[in-house]
Amino acid sequence: MSSLRCTITKNPIIFLVDTSTTLNQLKQIHTQLLINGILNDPHLFGQFVASIALNNPINLTYSNRLLDHCHNPTLFTFNSMIRAHCKSSTPHKSFEFYKRILASTHRLSPDNYTFNFLVRSCAQILSLESGMLVHGSVLKHGFDSDPHVQSGLIFMYAEMGCLDSCHKVFDQIPVPDLVCQTAIVSACAKWGEVVLARKLFDEMPVRDLIAWSAMIAGYAQCGLSRKALDLFNLMQIEGVKVNEVSMVSVLSACTHLGALDQGRWAHAYIEKNRLKMTVTLGTALIDMYAKCGDMNKAMEVFRCMRERNVYTWTSVINGLAMNGAGKKCLELFSMMKQAGVRPNEVTFISVLRGCSVVGLVEEGREHFDSMRRVYRIEPQLEHYGCLVDLYGRAGHLDEALNVIDDMPMKPHAGAWGALLNACTIYKNTEMGELASRKLVELEAKNHGAYVLLSNIYADSKEWDKVTDVRQVMKAKGVKKLPGCSAIEVDGEVHEFFVGDESHPRYNEIEFMLGEISRRLKLAGYVANTKPVLFDIEEEEKEDALCKHSEKIAIAFGLISLKQHQPISIVKNLRVCWDCHDVTMMISKIFDREITVRDRNRFHHFKDGQCSCKGYCTRIRDTIMILLVCSFKKQSSSSSSNSGSDENSSEKPAIILKVVDPPEPKIVVIMAGDEKPSFLAMPAVSSTICRCDHQV
DNA sequence: ATAGGGTTAG
């Protein structure tokens, strides 16, 4: 304590407390300060409170109590408390201190620091209502010309998804500084205006590392991984140094593209330039290797990491599940628990999928039950979906259906999709029909018009609902992704979207597509008698199946890679059944090994077979064609609004089930129709396309 | 005495 006394008299109080100060030490220091009467000085008291609150969030309660007993805290003290709370897990408490500033008997008035921190608290709690109130106070107190407050407001509205408000704030700044410019770029990229984001980025007179990172991350987050990497290259040409934060976005782009070579290069860069191997960076590396098919390397990085958080463990567990290593996946899960890292809801999804791929039904069920029992995690839709999948793939279809029936919430497309998948494996057409019907029903409602919805609520000033919608969006990471396949040739990634004809070698690709089609036919593959399951789970509903992005990528692989080189494709969505079968055939006819990584797992095609075997087979004799037709139901008696669309609604339409292939018939099932009518089947062309029926 | 923008797992 004598050394402490010395410190107190000689140094500013701020040096007394740091991040490693324990509660006990804190109490001792506090006692000494009281004895010395040092805390009577409001200035020093403020410093003491600030150092406690800011250094260690665990001590926040201590500083809260300290302040309760103080009658005349300074504005600095209050600001420090608001600042400490906006970073904490209890950001809403900032407002208590804001209120105390306003109610202060010493005529305190909030300043630019107050609002800077307060705005960030609003961003934390995602309360648009509070945000608007605070914004109003900012204007009232005249701090809207403070650049810190400006960037704070943009950041806050961006967090809540109110892009319009971001623009309003930004447009009113006469000369926005670098930080505000970066904030608006990030906001635009985050909410779908990526072209505008790039325009604003290009117009920036000066761009620092964070500005580059924001734009690269923006591309990576909305699925434009190719552009993210291009921009990264440009950044290096301009001589901007990369740090560990920006590298994470680059790795994320490599992951999504399946660009293993570039990912390896990034790893080498990290080591050569001695970037700090943070948990986040290490996790991004693991995820990259796992999803680019090099699970060994992923494990190696994992083993080398000193610090591992729940993201790290989940990435590696998920990687093992994706690669079909179910047992190993469960081993790691058990190690994770031993290491004292608490699994979260995402971890359980990976664990359940691990159980599913190796058919460990009992174990999976136990883990599912432990979620609630041990970890107090309420299973969500996704977990029930995994459970349906677990039972379904193991052939326990009734139990799978029971899971759906017993779900405490309305089953989603994923759950019915999992059941349908199981029904096709085990050829249960009856249950399959039920599942298909439910799927179509749900699909029609699944328009994902979140933004629209929240704007409607905002217009009617229902802020709570806006907040709800935004939270759901944030939680679910709602993003619209076009179907896209990538292939790396000589270290360069070529990306193909659905029906994409933009590649410089597209003429050759098209020729190869024709060649594939010709040789498949020669080998007896006749598309129009082959089953086509229209995969309505995914968003690819383009007309010509032959223009699916993975087929274009495979065709490009065939023309650009040497005979002995395996073709490795990465797709951002799930591979549809038709492409799956065609790829199997190609692997045989062209004598090529083809690996396709889709959204869920790896498919290794060789000699006409796929490694996912039982899990990918489907009904061959009973052909099901699911044809989803969007059509507008004619408004039956809409005389009041002549010709308006108001009474029309998008409705699920028709499921066509083809039975007995040689002379196929079509079962037409209307949604909600109990008696299907039979029609003779017209010549079904190989391209099953969307049809717009009028009923 | 105190500030701001970019990052990871389903």
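Just so it is clear: chains get the letters A, B, ... in the order the sequence lines come, proteins before strands, and each one is counted from 1. Computed from a predicted structure; not experimentally measured.
Distances from the side chain of A:T283 to the nucleotides B:dA1, B:dG4, B:dT8 place B:dT8 closest. The side chain of A:R353 approaches B:dG10 more closely than any other nucleotide in the set B:dG10, B:dT2, B:dG6. When distances run from any side-chain atom of A:K291 to the nucleotides B:dA9, B:dT8, B:dG5, the shortest one goes to B:dA9. If you check B:dA9, B:dT8, B:dG6 against the side chain of A:V346, the one that comes closest is B:dA9. Distances were taken from every side-chain heavy atom of A:N243 (C-beta onward) to each of B:dG6, B:dG5, B:dT7; the shortest belongs to B:dG6. When the nucleotides B:dT2, B:dT7, B:dA1 are ranked by their closest atom to the side chain of A:H43, B:dA1 comes out on top. For A:Q47, the side-chain atoms get nearest to B:dA1 when compared with the rest of B:dG6, B:dA1, B:dG4. The side chain of A:F155 approaches B:dG6 more closely than any other nucleotide in the set B:dG6, B:dA9, B:dG4. Nearest nucleotide to the A:T314 side chain, out of B:dG4, B:dA9, B:dT8: B:dA9. With distances taken from any side-chain atom of A:S151 to the nucleotides B:dG5, B:dG10, B:dG4, the minimum falls on B:dG4.
Residue pairs satisfying the ring pair (Phe, Tyr, Trp, His ring centres under 6.0 Å) criterion with at least one member in residues 275-298 of chain A, sequence neighbours excluded, are listed as follows: A:H267-A:Y289.
In this structure, the CH2 atom of A:W313 is 17 Å from the P atom of B:dG10, given to the nearest Å. The separation between A:L285 atom CG and B:dA9 atom P is 13 Å, rounded to whole Å. To the nearest angstrom, C1' of B:dA9 lies 18 Å from OH of A:Y289.
With salt bridges taken as basic N to acidic carboxylate O contacts below 4.0 Å, one links A:E300 and A:K297.
Take A:E378 and apply the side chain to side chain donor-acceptor pair (under 3.5 Å) test, not counting sequence neighbours, and it matches A:R372.
Put simply, A:K276 has no side-chain N or O that comes within less than 4.0 Å of OP1 or OP2 on B:dT7. Residue A:N318 places at least one side-chain N or O closer than 4.0 Å to OP1 or OP2 of B:dG10. The phosphate of B:dG6 has neither OP1 nor OP2 within less than 4.0 Å of any side-chain N or O from A:Q221.
Across A:R100 and A:P73, no two heavy atoms sit closer than the pair NH2-CG, 4.0 Å.
Within the nucleic acid shown, A:N116 comes within 4.0 Å of at least one base atom, counting heavy atoms only. A:D287 comes within contact range of the sugar-phosphate backbone alone, with a heavy-atom separation under 4.0 Å but no base atom that close. Residue A:A284 is classed as having no contact, given no heavy-atom separation below 4.0 Å to the nucleic acid. At a threshold of 4.0 angstrom between heavy atoms, the contacts of A:S80 with the nucleic acid are absent. When heavy atoms are screened at a 4.0 angstrom cut-off, A:I317 is found touching no nucleic acid atom at all. Counting any heavy atom pair closer than 4.0 Å across all strands shown, A:F76 reaches a base atom. Residue A:I184 is classed as having no contact, given no heavy-atom separation below 4.0 Å to the nucleic acid.
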**Study point:** A:L275 and A:M247: CA distance, side-chain angles, deciding distance, side chain to side chain contact (heavy atoms under 4.5 Å, CB included) verdict
**Key:** CA-CA 9 Å; A:L275 297 193; A:M247 196 49 110; 4.1 Å; yes
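A side-chain contact (heavy atoms from CB on, under 4.5 Å) with A:V119 is found for exactly one of A:T114, A:L153, A:I154, namely A:L153.
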